[in-house]
Amino acid sequence: MVVTRFAPSPTGYLHIGGLRTALFSYLWARKNGGKFLLRIEDTDKARNSQEAAEAIVKAFHWLGLEHDGEITYQSQRDDIYAIYIKRLLDEGKAYRCYMSKEELDALREEQTANKERAKYDGRYREFNGTPPEGIEPVIRIKAPLSGEIVVHDGVKGDVVFKAEDILDDFVIARGDGSPTYNFVVAIDDHLMGVTEVIRGDDHLSNTPKQIVVYEALGFSVPKFYHVPMIHNHEGKKLSKRDGATDVMAYKEMGYTPQALLNFLVRLGWSNGDQEIFSMEEMMECFNPKNINRSASIYNTEKLEWLNSHYIKNTPNEELAELLEAYGLLLTSHDKKEILLDALKERAKTLKEMAQLVNEIIIAPESLDEKAVEKAFKGDAREVLENFAAKVSAADELHLPSDYHHLMEEVVKEMNIGFGKIGQPLRVALLGKMSGPGLDSVMAIIGKDETIARVKSALAQIA
RNA sequence: GGCCCCGUCGUCUAGCGGUCAGGAUCCCAGGUUUUCAUCCUGGUUACAGGAGUUCGAUUCUCCUCGGGGUCACCA
């Protein structure tokens with residue numbers, strides 16, 4: 001069984017980069033009928049893990065990504081980690097190191113001065129004398145000091161590290177007894193049954209350390225996939241400073257979950273030339289072997305395109321529900337269909353769409369001066385008066401086509417081009433030169449409001 | 001600085017020894033539309049550089065350059 005996991009450290013919210021690795025992990029688990037687990041890496045007790053977990057779960061929920069089973073909190077697993085620390089100590093695979101912080105700093109400084117790599121010198125590795133007074137020892141693992149550690153990575157291939165280059169006896173438990181990251185990650189992944197670790201490639205250089213832990217404990221090493229970073233415009237790792245990295249901010253901006261997920265799945269991963277993926281297709285097609293090796297630059301142009309694509313292709317019923325989050329209650333609006341049909345091809349975001357709806361429903365406060373100047377030339381006044389009279393006289397006006405017929409009548413009668421009625425009417429109804437089809441607009445606001453807006457405009461330009 | 005990763009249009013990418021180097025987005029032009037948007041059609045733009053290997057390299061090897069990541073009693 002394929003078991004994947006997403007293991008964020010609780011920095012507050014779910015960001016784009018994290019979401020992408022979570023998505024990859026989720027898809028791979030679902031595709032294989034496996035499990036997708038969530039673990040909160042909150043060994044840093046100063047932070048509020050509960051809130052962070054809730055923010056992440058909330059974002060997952062919005063996106064429709066559900067994790068399996070209970071959430072694992074590292075902060076609640078000290079007892080478990082203690083067992084493995086003791087085991088390593090008992091087996092002589094780890095030891096207490098009584099070096100003080102000051103001594104360590106001094107050592108590092110000296111090494112740096114000599115242009116050597118800063119590393120622990122192993123002075124307590126074989127120590128069995130009397131420990132110095134007043135030192136709370138850290139616990140270090142006996143790491144191999146020579147030879148190679150090979151990470152068999154599904155994205156990067158086999159990455160070879162020389163032990164002497166990168167390893168030393170690193171700390172697995174602090175002076176206060178709390179375990180450190182590289183130690184608990186290995187234990188948790190093993191205990192949770194994780195078979196494939198899909199994570200950012202900033203973790204690649206951590207991996208040899210984790211492999212040391214796996215091997216010391218006799219655990220089998222999972223399959224790794226280190227996915228390249230997402231960079232900002234400057235080519236640097238994406239961070240909170242780069243604008244909207246909070247996933248929920250995309251909801252506020254009016255992006256649909258579908259668009260965001262589709263955008264992210266294609267960032268660093270591809271399936272031939274395919275650009276549009278439904279959730280089902282993602283689960284069907286996703287395979288980490290097609291993850292790109294190089295970092296990608298984050299750019300929202302395609303996201304916008306995808307968003308408008310999905311808005312266009314979302315059924316009205318569903319669209320009306322989505323729009324509720326933007327303060328638009330359309331579910332029982334009698335002209336909902338016409339309204340949504342008229343606007344879904346025009347909006348890039350749901351937020352924008354809500355705004356466009358209001359621009360139709362609510363009469364313009366004032367008419368744009370330039371538009372008035374341009375549109376109300378020649379016999380515009382007569383045209384509008386004629387049209388208003390026809391609207392007044394008609395009994396049944398419901399569909400856009402009903403209004404369209406009236407416009408056609410005026411055009412024929414007065415022997416003018418369509419633009420001669422379209423432009424002034426548009427300005428009268430919407431206050432500006434652009435917007436959706438006028439026949440739809442009129443069908444939406446209805447007969448009385450149409451007449452009222454035309455008359456009001458006529459009065460204003462008198 | 002040590003170690004590691006990466007390098008195809010501006011951006012996301014396809015390519016896996018022989019292609020007019022393909023698609024998407026963006027941008028531009030034309031068409032459709034009373035307008036704007038959508039939509040349709042067309043167009044501009046890329047193999048970082050240099051050595052090899054080979055009949056032939058974007059593809060394989062090495063070097064250079066460039067970018068990124070990581071080097072904690074943080075995660």
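The sequence lines fix the lettering, A, B, ..., with proteins before strands; numbering per chain opens at 1. Keep in mind the model is a prediction, meaning the values are calculated, not measured.
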Roughly, in whole Å, what's the span from CG in A/Leu430 to C1' in B/U34?
13 Å

Counting the atoms with a prime plus P, OP1 and OP2 as sugar-phosphate, which does A/Ile421 contact under 4.0 Å by heavy atoms, base, sugar-phosphate, or nothing?
nothing

Distance, P atom - from B/A24 to B/G43, rounded to whole angstrom
12 Å

Exercise: identify the closest heavy-atom pair between A/Trp269 and A/Cys285
CZ2-O, 3.6 Å

A/Arg266 side chain near B/G23 phosphate (N/O to OP1/OP2, under 4.0 Å)
no

Sticking with atom P, work out how far B/A14 lies from B/C73, rounded to a whole angstrom.
39 Å

Looking only at the side chain of A/Lys237 (C-beta and beyond, no hydrogens), which of the listed nucleotides B/G69, B/U35, B/C12 gets closest?
B/G69

Distances under 3.5 Å between protein N/O atoms and the N/O atoms of nucleotides 30-33 of chain B, please, pair by pair.
none

Taking only the C1' atom of each, what is the distance from B/C60 to B/G18 in whole angstrom?
15 Å

Could you verify whether a donor N or O on one side chain and an acceptor N or O on the other, from A/Gln210 and A/Asn182, lie under 3.5 Å apart?
yes

How long is the line joining NZ of A/Lys209 and C1' of B/A75, in whole Å?
12 Å

Counting the atoms with a prime plus P, OP1 and OP2 as sugar-phosphate, which does A/His226 contact under 4.0 Å by heavy atoms, base, sugar-phosphate, or nothing?
nothing

Expressed in angstrom and rounded to an integer, what is the separation of A/Leu167 atom CG from B/G2 atom C1'?
14 Å

Could you check whether A/Arg108 gets within reach of a base, just the sugar-phosphate, or nothing at all, counting any heavy atom under 4.0 Å?
sugar-phosphate

Winner on side-chain proximity to A/Tyr181, out of B/A24, B/U70, B/A75, is B/A75

Take atom CG of A/Asn307 and atom P of B/U25, then tell me their distance rounded to the nearest Å.
15 Å

Among the nucleotides B/U35, B/C73, B/A75, whichever has the atom closest to the side chain of A/Lys101 is B/C73

Report the distance from atom CG of A/Asn299 to atom C1' of B/C26, rounded to the nearest whole Å.
8 Å

Shortest side-chain distance from A/Arg140, nucleotide among B/C12, B/U70, B/C73:
B/C73

Using a cut-off of strictly less than 4.0 Å, decide whether A/Thr43 has a side-chain nitrogen or oxygen near OP1 or OP2 of B/A75.
yes

Measure across A/Asn299 and A/Glu301 and return the closest heavy-atom pair with its distance rounded to 0.1 Å.
OD1-N, 2.9 Å

With a 4.0 Å cutoff (strictly under), does any side-chain N or O of A/Ser178 reach OP1 or OP2 of B/C73?
no

Determine, stepwise, if the pair A/Lys302 / A/Glu275 fulfils side chain to side chain contact (heavy atoms under 4.5 Å, CB included).
CA-CA 10 Å; A/Lys302 216 157 191 172; A/Glu275 297 286 352; 3.4 Å; yes

Just call it for A/Gly435: base, sugar-phosphate, or nothing, with non-hydrogen atoms closer than 4.0 Å on any strand.
base

Atom pairs under 3.5 Å: protein N/O with N/O of nucleotides 5-9 of chain B:
from: B/C5; atom 1: O2'; to: A/Lys156; atom 2: NZ; distance (Å): 2.6
from: B/C6; atom 1: OP1; to: A/Arg293; atom 2: NE; distance (Å): 3.1
from: B/C6; atom 1: OP1; to: A/Arg293; atom 2: NH2; distance (Å): 2.6

Would you measure the distance from the C1' atom in B/C26 across to the matching atom in B/A57 and give it in whole Å?
31 Å

Heavy-atom closest pair (A/Ala163 atom, A/Leu145 atom, distance to 0.1 Å) is CB-C, 3.9 Å

Examine the side chains of A/His226 and A/Asp201 and answer whether a donor and an acceptor come within less than 3.5 Å of each other.
no

Side chains of A/Asn307 and A/Thr349: donor-acceptor distance under 3.5 Å anywhere?
no

Counting only side-chain heavy atoms from C-beta out, which of B/U13, B/G10, B/A75 sits nearest to A/Ser270?
B/U13

Could you check whether A/Tyr124 and A/Asp169, counting side-chain N and O atoms only, form a donor-acceptor pair closer than 3.5 Å?
no

Counting side-chain heavy atoms from C-beta on, which of B/A24, B/C73, B/C12 comes nearest to A/Trp305?
B/A24

Any side-chain donor paired with an acceptor under 3.5 Å for A/Arg266 and A/Ser296?
no

Paired with B/G2 by Watson-Crick or G-U wobble geometry, both distances under 3.5 Å: which nucleotide is it?
B/U70

What's the closest nucleotide to the A/Glu301 side chain, out of B/C73, B/G10, B/C12?
B/G10

Which part of the nucleic acid, if any, lies within reach of A/Gly437 when heavy atoms closer than 4.0 Å are counted: base, sugar-phosphate only, or nothing?
base

I'd like the P distance from B/G67 over to B/A48, given in whole Å.
16 Å

Quick one about A/Asp341 and A/Asn316 (side-chain donor to acceptor, distance below 3.5 Å, no hydrogens or angles considered), yes or no?
yes

Taken to the nearest whole Å, CG/A/Asn290 to C1'/B/C12 is 15 Å

Taking only N and O in the side chain of A/Lys312, is any of them less than 4.0 Å away from OP1 or OP2 of B/C39?
yes

Looking across every strand, which nucleic acid part, if any, lies under 4.0 Å from A/Glu275 by heavy atom: base, sugar-phosphate, or nothing?
base

Just checking, is any N or O donor in the side chain of A/Tyr181 or A/Asn206 under 3.5 Å from an acceptor N or O on the other one?
no

Provide the distance between the two P atoms, one in B/U61 and one in B/C6, to the nearest whole Å.
11 Å

Select from A/Met229 and A/Met407 the residue whose nearest nucleotide in RNA chain B is closer to the 5' end of that strand.
A/Met407

What is the distance, rounded to the nearest whole Å, between atom CG of A/Asn262 and atom P of B/U13?
13 Å

Scan the side chains in residues 364-372 of chain A for donor-acceptor partners under 3.5 Å anywhere in the protein, sequence neighbours excluded, and list what turns up.
from: A/Asp368; atom 1: OD2; to: A/Lys370; atom 2: N; distance (Å): 3.4
from: A/Asp368; atom 1: OD2; to: A/Ala371; atom 2: N; distance (Å): 3.0

Nucleotide of B/G10, B/A72, B/C3 approaching A/Phe161 most closely (side-chain heavy atoms)
B/C3

Could you tell me how far B/U19 sits from B/C39 if I compare only their P atoms? Round to whole Å.
35 Å

Over all strands shown, is A/Pro228 touching base, sugar-phosphate only, or nothing at heavy-atom distances under 4.0 angstrom?
nothing

By the 4.0 Å heavy-atom rule, please label A/Gly422 as base, sugar-phosphate, or nothing.
base

What's A/Met99 touching, base or sugar-phosphate or nothing? Going by heavy atoms closer than 4.0 Å.
base

Assign A/Ser205 to base, sugar-phosphate, or nothing according to its heavy-atom contacts below 4.0 angstrom with the strands shown.
sugar-phosphate

Euclidean distance, atom CD of residue A/Gln355 to atom P of B/A37 [Å, nearest integer]:
17 Å

Using the closest heavy atom to pick a nucleotide of RNA chain B for each, name whichever of A/Ile135 or A/Gln423 lands nearer the 5' end.
A/Gln423

Over all heavy atoms of both residues, which pair between A/Ala259 and A/Tyr310 is shortest? Give the atoms and the distance, please.
CA-CD1, 3.7 Å

Within the 4.0 Å heavy-atom criterion, would you say A/Met433 contacts the bases, only the backbone, or no part of the nucleic acid?
base

Taking atom types as modelled, is there a side-chain donor on A/His15 or A/Ser239 under 3.5 Å from an acceptor on the other?
no

Just to confirm, is there a sub-4.0 Å distance from OP1 or OP2 of B/G68 to any side-chain nitrogen or oxygen of A/Lys236?
yes

B/C47 and B/G31: how far apart are their C1' atoms, nearest whole angstrom?
35 Å

